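Predicted model, so just to flag it, every value in this text is computed and none were measured.
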Amino acid sequence: MKRTHNATGLEVKDVGVQVVLNGWVDSRRDHGGLIFIDLRDRSGLIQVVFSPEVNQDAFHLAEQVRSEYVVAVQGKVSLRPADTENPNLKTGKIEIYVQKMEIMNTAKTPPFYIEDGIDVDENLRLKYRYLDLRRGEMRENLMLRHRVVKTMRDFLDSRGFLEIETPMLTKSSPEGARDYLVPSRVHHGEFFALPQSPQIFKQLLMVAGMEKYFQVARCFRDEDLRADRQPEFTQLDIEMSFIDEEDIMGLMEEMMALIFKVGINRDINIPFPRLSYDEAMKKYGSDAPDLRFGLEIVDLTEIMAQSQFQVFSSAIQAGGVVRAINAKGCASFKRREIDQLGQLAIDYGAKGMAWIVVSEKELKSPITKFLKAQEIEEIMSALDAQPGDLILFAADKQEIVSRVLGFLRMELARRLDLIDKDELNFMWIYDFPLFEYDQEEGRYVAVHHMFTSPRLSDLDRLDNNPEGIKARAYDLVLNGTEIGGGSIRIHQREWQEKVFSLLGMSFEEVRDKFGYMLDAFEYGTPPHGGIAFGIDRLAMIMGGRSSIRDVIAFPKTQSASCPLTNAPSAVSNKQLRELAIKIREK
RNA sequence: GGAGCCGUGGUGGAGUGGUUACCAUGCCGGCCUGUCAAGCCGGAGGUCGUGGGUUCAAAUCCCAUCGGCUUCGCCA
């Protein structure tokens, strides 16, 4: 019995039609003389009814059916009797009176409920992922993801982009994340790396004259996992020739508007607002700020520069800053809560967290006794402090202060429930620094990546003055999450060599790792640039999920393993011998 | 590498040293012709993650270890 319709493809106007449905038994309600089954297929649910008056054989077969059995039913679409309609079902006004049923397969009782909103150990869900994905919400997530990717492909195709694949087995390169390595059987002792991104290949495609490229590209980074980070993830990777920042940002805004319309039927306003990196860090303590709420950070460095309060003034003298955040209406926080925030600040790298509780009559604070009345007044005024407010301070190097107050800002928003879950807050962050100094490595490292072009006006500083050079890079931020980022690239061999050199790479290393790319740049490389979006993160936000795992069919656990297949696993000695690999004892 | 939370019938939870480990749900059987969280009656189902220790006695206290989740570092 082959299906004639999908479960939710039927509606009131189909009443009287003979249909065959195939699907799974979602639930069975046996009334003795009458049996109801909710039949589920990919489209959703419909109720089918078994009555001995309609067909004895089908009725008795239905008595034996259990959850998750795979069945085929044949019957007539009928209107439900009055007062038995189910408004919770799309097909709640109709039902199928079954004349014939076939059990296509039986099923063991599943280890968890096949329904939305379950609270089950995630390990179990992943071990039985094929059952987890039967749940409506998970099916919806994958369908949403499909619509998003389909829309991306269609949109880019309509704008003249070519989808081109690049190698998965490629060359390990320095910088960036830890590589996943694949041993070469043919070349003992040598390894491929799985791509962290198709960056160099897409630039070579520009050299090759493809002009407009995209790829839905799997990327691999062997770093620790998070709720929004998997070791393998998917990027929409894009590159174009003969363009500038505005071309890419404008095009991507159009694409985003379409994706959100098709994906979740939301209209978003374009163009997106833009915020410079410096301003984002200063006001929000993050290069991916969440602007769905206020709680701006206020700089007090000037006010405090001459202060007698050593904690503040010595931080400033050491080149640092003093900044604060006004937790509006939080004067009611208990001392224990404030101390808890202070501990969190310390966890994020602060040496401590000063605070002032502003009440009607007085200021409660461990630090006001060190401050002059004039200074306190200026602080209150700068932060627009009113009775009932709580002010939190951080004093340290700028990067630490930003990180700490950026975190406290988010934490306060969560505690005060300031975030509107339905809002979609997009913004571009631009004017990133090209380099930052890495204390541990004792050298500069690229903030974006090492192929990013410096601002043209900063080009001459590549020789001897890298501090403060701005990059032609841009990130797209949605609700405090970086969902994409890109840049205009370097397309001149000479500039690229200077960047490599500034990053501390020797002539030999550059030749070995990137010689092929520099060679390519000598054969007429067009100016080019691009962007890449994290499809998993985008789908996660669009689906309103809190973990990227919910929009990936077969994700890894936090320890980067797969409970379903038990990967990774040991391999045979024969396999190891072929690869000339010996496993060392710990 | 660090921090936090969690691990008890299939599932989710309760159980702070002492009878036969409790509840809900699911599962199995019976009854039941309008349910959709169906209902009523009955039943089965447990190495309390694992290993060690303390104790007359451990799900419970201690140590170690494994696993899951969150997070800092890390993620050009």
Side-chain angles (χ1 to χ4, degrees), chain A residues 26-39 45-54 59 63 66-68 78 80-89 91-92 95 97 108-128 131 173-179 196-197 199-200 219-231 233 340 343-350 403-404 407 411 432 434-436 438 440-441 444-452 471 473 482 485 487 499-500 503 532 534 546-547 549 556-561 563:
Chain A
D26 196 70
S27 72
R28 188 182 69 114
R29 294 176 293 281
D30 186 344
H31 289 238
L34 194 67
I35 297 171
F36 300 97
I37 284 178
D38 289 339
L39 188 75
L45 293 183
I46 190 166
Q47 173 164 283
V48 300
V49 190
F50 297 84
S51 164
E53 288 160 20
V54 174
F59 177 78
E63 290 180 315
R66 294 293 179 270
S67 291
E68 301 307 316
S78 308
R80 290 197 187 194
D83 296 329
T84 65
E85 297 173 346
N86 183 350
N88 300 319
L89 283 187
T91 54
E95 59 193 2
Y97 274 95
K108 290 167 76 175
T109 302
F112 48 80
Y113 306 119
I114 310 296
E115 63 188 33
D116 287 355
I118 57 169
D119 175 25
V120 187
D121 187 81
E122 195 155 346
N123 213 26
L124 195 68
R125 286 176 55 200
L126 293 180
K127 185 173 173 189
Y128 297 94
L131 297 179
S173 74
E175 300 256 323
R178 195 176 290 114
D179 282 322
Q196 295 183 30
S197 86
Q199 183 61 36
I200 296 175
C219 304
F220 304 85
R221 296 178 189 174
D222 188 3
E223 298 291 348
D224 285 350
L225 292 84
R226 290 285 189 278
D228 63 352
R229 240 161 61 193
Q230 284 271 306
F233 60 99
Q340 202 182 12
Q343 183 55 49
L344 287 168
I346 288 167
D347 292 345
Y348 274 76
R403 193 199 312 155
V404 169
F407 166 76
E411 181 63 21
F432 283 82
L434 189 61
F435 304 109
E436 64 188 358
D438 185 317
E440 245 174 70
E441 301 255 339
Y444 286 98
V445 295
V447 170
H448 185 58
H449 60 52
M450 49 196 160
F451 313 111
T452 300
E482 180 201 323
S487 62
V499 169
F500 287 147
L503 293 172
S546 53
S547 165
R549 295 185 298 278
K556 304 280 185 287
T557 66
Q558 188 153 52
S559 60
S561 58

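Whole-Å rounding puts the A:D26 CG to B:A38 P distance at 10 Å. The CG atom of A:D438 sits 13 Å away from the C1' atom of B:C75 (whole-angstrom rounding). In this entry the distance linking CG of A:L225 with P of B:C75 reads 14 Å, nearest Å. In this entry the distance linking CZ of A:F50 with P of B:U35 reads 18 Å, nearest Å. Atoms CZ (A:R28) and P (B:C28) sit 8 Å apart, rounded to a whole Å. Taking atom CZ of residue A:F112 and atom P of nucleotide B:G13, one finds them 15 Å apart after rounding to whole Å. The CG atom of A:N123 sits 16 Å away from the P atom of B:G10 (whole-angstrom rounding). One interatomic measurement links the two molecules: CD of A:Q340 to C1' of B:C5, which rounds to 14 Å at whole-angstrom precision.
Residue A:V445 is out of contact with every strand shown, counting any heavy-atom pair closer than 4.0 Å. Within 4.0 Å (heavy atoms only), A:V49 reaches no atom of the nucleic acid at all. As judged by a 4.0 angstrom heavy-atom cut-off over every strand, A:F36 is placed among the base-contacting residues. Nucleic acid contact for A:E482: none, since no nucleic acid atom lies under 4.0 Å from a heavy atom of the residue. Among the heavy atoms of the strands lying under 4.0 Å from A:P81 is at least one base atom, whether or not backbone atoms are also near. Nucleic acid contact for A:Q230: none, since no nucleic acid atom lies under 4.0 Å from a heavy atom of the residue. As judged by a 4.0 angstrom heavy-atom cut-off over every strand, A:S487 is placed among residues making no nucleic acid contact. Residue A:D30 is classed as a base contact, given a heavy-atom separation below 4.0 Å to a base. Across all strands shown, A:D119 has heavy atoms under 4.0 Å from sugar-phosphate atoms exclusively, and none from any base. Using a 4.0 Å heavy-atom cutoff across all strands shown, A:D121 reaches sugar-phosphate atoms only and no base atom. Heavy atoms of A:R549 sit under 4.0 angstrom from primed sugar atoms or phosphate atoms, though from no base atom. Backbone-only engagement by A:E122 is indicated by non-hydrogen atom pairs under 4.0 Å involving sugar-phosphate atoms exclusively. Residue contacts for A:E53: at a heavy-atom cut-off of 4.0 Å it reaches a base atom on one of the strands shown.
OP1 and OP2 of B:G67 both lie 4.0 Å or more from every side-chain N or O belonging to A:S559. When the side-chain nitrogen and oxygen atoms of A:R229 are compared with OP1 and OP2 of B:U71, none of them lie within a distance under 4.0 Å. Put simply, A:R66 has a side-chain N or O that comes within less than 4.0 Å of OP1 or OP2 on B:C28. Distances shown here put a side-chain N or O of A:Y348 below 4.0 Å from the OP1 or OP2 atom of B:C72. Look at A:T557 and you'll find a side-chain N or O under 4.0 angstrom from OP1 or OP2 of B:G68.
Of all nucleotides present, only B:U50 satisfies the Watson-Crick or G-U wobble test against B:A64, with each distance under 3.5 Å. With a 3.5 Å ceiling on both atom-pair distances, B:A37 lacks any Watson-Crick or G-U wobble partner.
B:C40 and B:G46 are spaced 26 Å apart, taking the P atom of each and rounding to whole Å. Of the C1' atoms belonging to B:U47 and B:G30, the separation is 33 Å, rounded to the nearest Å. Distance check on atom C1': B:A14 versus B:U60 gives 13 Å, rounded to whole Å. Rounded to whole Å, the separation between the P atoms of B:G26 and B:U16 comes to 28 Å. To the nearest whole angstrom, the two P atoms, one in B:C6 and one in B:G13, are 11 Å apart. Taking the C1' atom of each, B:G9 and B:A59 are spaced 14 Å apart, rounded to whole Å.
Out of B:C36, B:U33, B:C75, the shortest distance to the side chain of A:L34 is found at B:U33. Picking from B:U35, B:C75, B:U70 the nucleotide with the shortest atom distance to the side chain of A:Q47 gives B:U35. Of the candidate nucleotides B:C36, B:A37, B:C72, B:C36 has the atom lying nearest to any side-chain atom of A:D38.
Ring-to-base geometry places A:H31 in a stacked arrangement with B:A38 (centre distance under 5.5 Å, plane angle under 30°).
In this structure a side-chain-to-backbone donor-acceptor pair under 3.5 Å is present from A:R178 to A:D222.
Judged purely by distance below 3.5 Å, without hydrogens or angles, the side chains of A:R29 and A:S27 pair a donor atom with an acceptor atom. Under the 3.5 Å distance criterion, with hydrogens and angles disregarded, a donor-acceptor pair is assigned to the side chains of A:H449 and A:Q199. Side chains of A:D179 and A:Q196: a donor on one and an acceptor on the other come within 3.5 Å.
Each of A:A446 and A:P111 has a nearest nucleotide on RNA chain B; the 5'-most of these lies closest to A:P111.
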Checklist line | salt bridge (charged side-chain N to carboxylate O under 4.0 Å, His left out) between A:E68 and A:K108, worked out | finding: CA-CA 8 Å; A:E68 301 307 316; A:K108 290 167 76 175; over 6 Å; no
Notebook entry, point to check: Can you check side-chain contact (heavy atoms from CB on, under 4.5 Å) on A:F50 and A:E63, steps first, answer last?
Noted result: CA-CA 9 Å; A:F50 297 84; A:E63 290 180 315; over 6 Å; no
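Residues A:I35 and A:R28 are in side-chain contact: their nearest non-hydrogen atoms beyond the backbone lie under 4.5 Å apart.
Side-chain N/O atoms of A:Y113 and base N/O atoms of B:G10 include a donor-acceptor pair closer than 3.5 Å. Interface remark: the A:Q558 side chain does not form any donor-acceptor pair with the B:G67 base, using a distance-only criterion of under 3.5 Å.
In this pair, A:Y128 and A:F112 present their aromatic rings perpendicular. The plane angle is above 60°, beyond the 30 to 60° band.
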